[in-house]
Visitor: 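The structure's right below; bear with me while I get my questions together.
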Amino acid sequence: MTEGHFQEIYRIVEAVPAGKVVTYTTVAVLAGRPKAARTVGWAMRALRRGTHVPWHRVINAQGRISLPSPGAELQRALLENEGIEFNATGCVDLQRYGWQG
DNA sequence: CTCTTGACGAAAC
DNA sequence: TGTTTCGCCAAGA
């Protein structure tokens, strides 16, 4: 399944437990590329049928959903379904729900 | 091989 | 405080 450098990213995202979230940067760091946060987003967008990666647990450093399109509503719904709460500003408390805690 | 795009991020304006 | 720019990395045309 060597789908390129995304494999490592997918592996990390899959390791994120339900009810927790990680930022693109965190995934990038764990993947060994702290400057490749954008690439993580690329990997998420590249997700297609067949990949059971919990992409919805990946948010930006602001604890906010970056998806400009309706995908944001879906991601938020999935996160709330896992018990994650959103701030009035639509932000998630990374200190509380972050994988790192 | 070159140029553009993108679900990022921090800094500059 | 909101918007814009630059840097970084990988993929697609």
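Convention: sequence-line order gives letters A, B, ...; per-chain numbering from 1.
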Visitor: Please enumerate all residues that pass side chain to side chain contact (heavy atoms under 4.5 Å, CB included) together with A/R96, with sequence neighbours excluded.
Guide: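 Applying side chain to side chain contact (heavy atoms under 4.5 Å, CB included) to A/R96 gives A/E85, A/D93.
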Visitor: I'd like to check A/I9 versus A/W42 (side-chain heavy atoms, cut-off strictly below 4.5 Å). Are they in contact?
Guide: no
Visitor: Identify each donor-acceptor pair in which a side-chain atom of residues 57-68 of chain A lies under 3.5 Å from a protein atom, sequence neighbours left out, and give them as a table.
Guide:
{"residue": "A/R57", "atom": "NE", "partner": "A/E82", "partner atom": "OE1", "Å": "3.1"}
{"residue": "A/R57", "atom": "NE", "partner": "A/E82", "partner atom": "OE2", "Å": "3.1"}
{"residue": "A/R57", "atom": "NH1", "partner": "A/V16", "partner atom": "O", "Å": "2.6"}
{"residue": "A/R57", "atom": "NH2", "partner": "A/E82", "partner atom": "OE2", "Å": "2.9"}
{"residue": "A/N60", "atom": "OD1", "partner": "A/Q62", "partner atom": "N", "Å": "3.0"}
{"residue": "A/N60", "atom": "OD1", "partner": "A/G63", "partner atom": "N", "Å": "3.2"}
{"residue": "A/N60", "atom": "OD1", "partner": "A/R64", "partner atom": "N", "Å": "2.7"}
{"residue": "A/N60", "atom": "ND2", "partner": "A/R64", "partner atom": "O", "Å": "3.2"}
{"residue": "A/N60", "atom": "ND2", "partner": "A/S66", "partner atom": "OG", "Å": "3.1"}
{"residue": "A/R64", "atom": "NH1", "partner": "A/G90", "partner atom": "O", "Å": "3.4"}
{"residue": "A/R64", "atom": "NH2", "partner": "A/T89", "partner atom": "O", "Å": "3.4"}

Visitor: If the P atom of C/dT1 is compared with that of B/dC8, how far apart are they to the nearest Å?
Guide: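 After rounding to an integer number of Å, I get 22 Å for this pair.
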Visitor: Just distance, no hydrogens or angles: give the donor-acceptor pairs under 3.5 Å from side chains in residues 21-33 of chain A, sequence neighbours left out.
Guide:
{"residue": "A/T23", "atom": "OG1", "partner": "A/T26", "partner atom": "N", "Å": "3.1"}
{"residue": "A/T23", "atom": "OG1", "partner": "A/T26", "partner atom": "OG1", "Å": "2.7"}
{"residue": "A/R33", "atom": "NH1", "partner": "A/A31", "partner atom": "O", "Å": "3.4"}

Visitor: N/O contacts under 3.5 Å, protein versus nucleotides 4-11 of chain B?
Guide:
{"residue": "B/dG6", "atom": "N7", "partner": "A/R38", "partner atom": "NH2", "Å": "3.2"}
{"residue": "B/dG6", "atom": "N2", "partner": "A/W42", "partner atom": "NE1", "Å": "3.0"}
{"residue": "B/dG6", "atom": "N3", "partner": "A/W42", "partner atom": "NE1", "Å": "2.7"}
{"residue": "B/dA7", "atom": "N6", "partner": "A/M44", "partner atom": "O", "Å": "3.2"}
{"residue": "B/dA7", "atom": "N3", "partner": "A/Y24", "partner atom": "OH", "Å": "2.9"}
{"residue": "B/dC8", "atom": "OP1", "partner": "A/S66", "partner atom": "OG", "Å": "2.7"}
{"residue": "B/dC8", "atom": "N3", "partner": "A/R38", "partner atom": "NE", "Å": "3.2"}
{"residue": "B/dC8", "atom": "N4", "partner": "A/R38", "partner atom": "NE", "Å": "3.2"}
{"residue": "B/dC8", "atom": "N4", "partner": "A/R38", "partner atom": "NH1", "Å": "3.2"}
{"residue": "B/dC8", "atom": "N4", "partner": "A/R38", "partner atom": "NH2", "Å": "2.9"}
{"residue": "B/dG9", "atom": "OP1", "partner": "A/T25", "partner atom": "OG1", "Å": "3.2"}
{"residue": "B/dG9", "atom": "OP1", "partner": "A/A61", "partner atom": "N", "Å": "2.7"}
{"residue": "B/dG9", "atom": "OP2", "partner": "A/A61", "partner atom": "N", "Å": "3.1"}

Visitor: Return each pair, listed once, that meets salt bridge (charged side-chain N to carboxylate O under 4.0 Å, His left out) where at least one residue sits in residues 16-30 of chain A; pairs must be two or more places apart or across chains.
Guide: none
Visitor: Report the residues that fulfil side chain to side chain contact (heavy atoms under 4.5 Å, CB included) with A/L47, sequence neighbours left out, ordered by chain and then residue number.
Guide: A/Y10, A/M44, A/T51, A/V53, A/W55
Visitor: Run the side-chain hydrogen bond (donor to acceptor under 3.5 Å, both in side chains) test against A/R76 and tell me which residues pass, sequence neighbours left out.
Guide: A/E80
Visitor: Listed by chain and number, what are the salt bridge (charged side-chain N to carboxylate O under 4.0 Å, His left out) partners of A/E73, not counting sequence neighbours?
Guide: none
Visitor: Which of residues 81-101 of chain A sit near DNA chain B, with a heavy atom under 4.0 Å from it?
Guide: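 Per residue number, the list is empty: none.
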